[in-house]
There are 2 protein chains.
Amino acid sequence: MDAAAVIKALGALAQEHRLAAFRLLVQVGEEGLPAGVIGEKLGVVSSSMSFHLAALANAGLVTQRRQSRLIFYSADYTAMNSLMGYLTENCCGGIACIDNVSCCPAQTGAAGSDAEKDVA
Amino acid sequence: MDAAAVIKALGALAQEHRLAAFRLLVQVGEEGLPAGVIGEKLGVVSSSMSFHLAALANAGLVTQRRQSRLIFYSADYTAMNSLMGYLTENCCGGIACIDNVSCCPAQTGAAGSDAEKDVA
DNA sequence: TCCATAATTCGATAAACGTGGAAATATGGA
DNA sequence: TCCATATTTCCACGTTTATCGAATTATGGA
């Protein structure tokens, strides 16, 4: 993950509704939620929500998949992992004191525990 | 660290020159660097640099101290620690798979594991 | 085909951001 | 006191953001 991607990701999370949406998606796990449900839970009108979800997707933090009439958004744990990796390496002294920083969905044993080091 | 502070911190880091400045300050350690040196290293004119450093300070990510005519800026590792803690807890599934996320200057075994859960 | 639902795109608007030159504010030395 | 240096503050200026209503684009059912 290079600096430009990191800035994009940080910028995507640096907004009330987007941070809330991302947190929500992290909580619900792999399956994700339809755009409408996210907007409803957050009290954001659909066009605004769409704008924010597009920003998160553009930053690579969420993925979308259509299921009939609904478009489900899911948190991309790998991207969040990379972001955490970059911050740890570049904005935290980097050395020693960090044992293991890994970002994975709840308990789903998915994508986790090995801290895939694709950092810049 | 509450959501508002997190958004402020993320927003502060989500900018090319500010991210570069913060990384630089993390590298040099506790002592920090004078505003002028930072601007020079980054190729940013003083008024702009001042603007960005103020943003980082306002977000609590850096501290400033005057030393004669120079104003030294230093990375605030505790703040970065809190930010990492929030992201780990709220944007990473939170549970298990994270062993230890700590942000400290070089080897200084600084604080960690506080993660104050004042989430919304 | 026609209609309803889900979501996005478009348009306008107000606010915030990033930039750099110029002026103002410390601080220290001659 | 006067001057030089370091930094910040002020002031435009143009760009990007966030918002929300309205129009548009999928999708599926009757």
Side-chain angles (χ1 to χ4, degrees), chain A residues 3-25 28 31-76, chain B residues 3-25 28 31-75 120:
Chain A
V6 169
I7 290 169
K8 232 175 176 178
L10 291 172
L13 292 176
Q15 206 278 338
E16 182 189 351
H17 299 318
R18 289 197 295 264
L19 181 60
F22 187 73
R23 286 182 55 187
L24 191 56
L25 292 178
V28 303
E31 185 183 335
L33 287 175
V37 173
I38 303 174
E40 196 180 340
K41 290 211 181 216
L42 269 45
V44 176
V45 302
S46 62
S47 61
S48 292
M49 199 65 249
S50 198
F51 169 80
H52 290 307
L53 289 171
L56 286 169
N58 180 255
L61 289 169
V62 303
T63 56
Q64 47 193 327
R65 106 195 105 85
R66 173 149 233 151
Q67 192 165 311
S68 162
R69 258 182 290 193
L70 307 177
I71 294 184
F72 281 74
Y73 283 85
S74 314
D76 185 325
Chain B
V6 168
I7 289 169
K8 230 175 176 178
L10 291 172
L13 292 176
Q15 205 279 337
E16 181 188 352
H17 299 318
R18 289 197 296 264
L19 181 60
F22 188 73
R23 286 182 57 185
L24 191 56
L25 292 178
V28 303
E31 185 183 335
L33 287 175
V37 174
I38 303 173
E40 197 180 341
K41 291 210 182 218
L42 270 46
V44 176
V45 302
S46 61
S47 61
S48 292
M49 199 67 249
S50 198
F51 170 79
H52 290 306
L53 289 172
L56 286 169
N58 180 255
L61 289 169
V62 303
T63 57
Q64 49 193 325
R65 107 194 102 86
R66 173 149 234 150
Q67 192 164 310
S68 163
R69 258 182 290 193
L70 308 177
I71 295 186
F72 281 75
Y73 283 85
S74 313

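What you see is a predicted model, and the numbers here were worked out from it, not measured in a lab. To find a chain, count down the sequence lines: A is the first, B the second, and so on, and within it residues start at 1.
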Check: For the pair made of CD in E16(A) and P in dA15(C), what is the distance, rounded to whole Å?
Finding: 17 Å

Note to self: With a 4.0 Å cutoff (strictly under), does any side-chain N or O of H52(A) reach OP1 or OP2 of dT17(D)?
What the structure shows: no

Next item on the list: Would you indicate what S68(A) reaches in the nucleic acid, counting non-hydrogen atoms under 4.0 angstrom: base, sugar-phosphate, or nothing?
Entry: sugar-phosphate

Next item on the list: Nearest whole angstrom, please: distance from the P of dT5(D) to the CD of E40(B).
Entry: 14 Å

Next item on the list: Measure from the side-chain N and O atoms of R18(B) to the backbone N and O of A20(B), and report whether any donor-acceptor pair falls under 3.5 Å.
Entry: no

Next item on the list: Rounded off to whole Å, could you give me the CD1-to-P distance for the I7(B) and dA18(D) pair?
Entry: 11 Å

Next item on the list: Quick one: closest heavy-atom pair of A12(A) and L61(A), and the distance?
Entry: CB-CD1, 4.0 Å

Check: How would you label the contact of F72(A) with the nucleic acid (heavy atoms, under 4.0 Å): base, sugar-phosphate, or nothing?
Finding: nothing

Check: Could you give the CG-to-P distance, from L53(B) to dA6(D), as a whole number of Å?
Finding: 16 Å

Checklist line | Selected nucleotide, minimal atom distance to R69(B) side chain, candidates dG21(D), dT7(D), dG28(C) | finding: dG28(C)

Item checked: Residue-phosphate contact under 4.0 Å: Y73(B) side-chain N/O, dA6(D) OP1/OP2 -> no

Notebook entry, point to check: How is S50(A) classified with respect to the nucleic acid when contacts are heavy atoms under 4.0 Å: base, sugar-phosphate, or nothing?
Noted result: base

Next item on the list: Report the distance from atom CZ of R65(B) to atom CD1 of I71(B), rounding to the nearest 0.5 Å.
Entry: 11.0 Å

Margin query: Would you say S48(A) places a side-chain N or O within less than 4.0 Å of OP1 or OP2 belonging to dA18(D)?
Written below: no

Item checked: Shortest non-hydrogen contact between E31(B) and F72(B), atoms and distance -> O-CD2, 3.6 Å

Note to self: Check this one for me: any side-chain N or O of R18(B) less than 4.0 Å away from OP1 or OP2 of dG18(C)?
What the structure shows: yes

Notebook entry, point to check: Counting side-chain heavy atoms from CB outward, which of dG20(C), dT19(D), dT8(C) is closest to H17(A)?
Noted result: dT19(D)

Notebook entry, point to check: Between L70(B) (CG) and dA26(C) (C1'), how many Å, whole number?
Noted result: 12 Å

Notebook entry, point to check: Among dC20(D), dG21(C), dA7(C), which nucleotide sits nearest the side chain of V45(B)?
Noted result: dG21(C)

Note to self: If I compare all heavy atoms of L56(B) with all of A21(B), which pair ends up nearest, and what's the gap?
What the structure shows: CD1-CB, 4.3 Å

Margin query: In this structure, how many angstroms lie between the P atom of dG18(C) and the CG atom of L19(B), rounded?
Written below: 13 Å

Next item on the list: Looking only at side-chain atoms of R66(B), point me to the closest of dT27(C), dG18(C), dT8(C).
Entry: dT27(C)

Checklist line | Whole-Å distance separating the CZ atom of R65(A) from the C1' atom of dA7(C) | finding: 15 Å

Item checked: Atom pair distance, as rounded to whole Å: CD in Q67(B) and P in dG28(C) -> 10 Å

Next item on the list: Report the nucleotide, chosen from dA6(C), dG21(D), dT7(D), that has the shortest atom-to-atom distance to any side-chain atom of S47(A).
Entry: dG21(D)

Notebook entry, point to check: What nucleotide, of dC17(C), dA18(D), dT7(D), holds the atom closest to the side chain of F51(A)?
Noted result: dA18(D)

Check: Within the distance-only criterion (no hydrogens, no angle test), does the side chain of R23(A) pair as donor or acceptor with the backbone N or O of L25(A) below 3.5 angstrom?
Finding: no

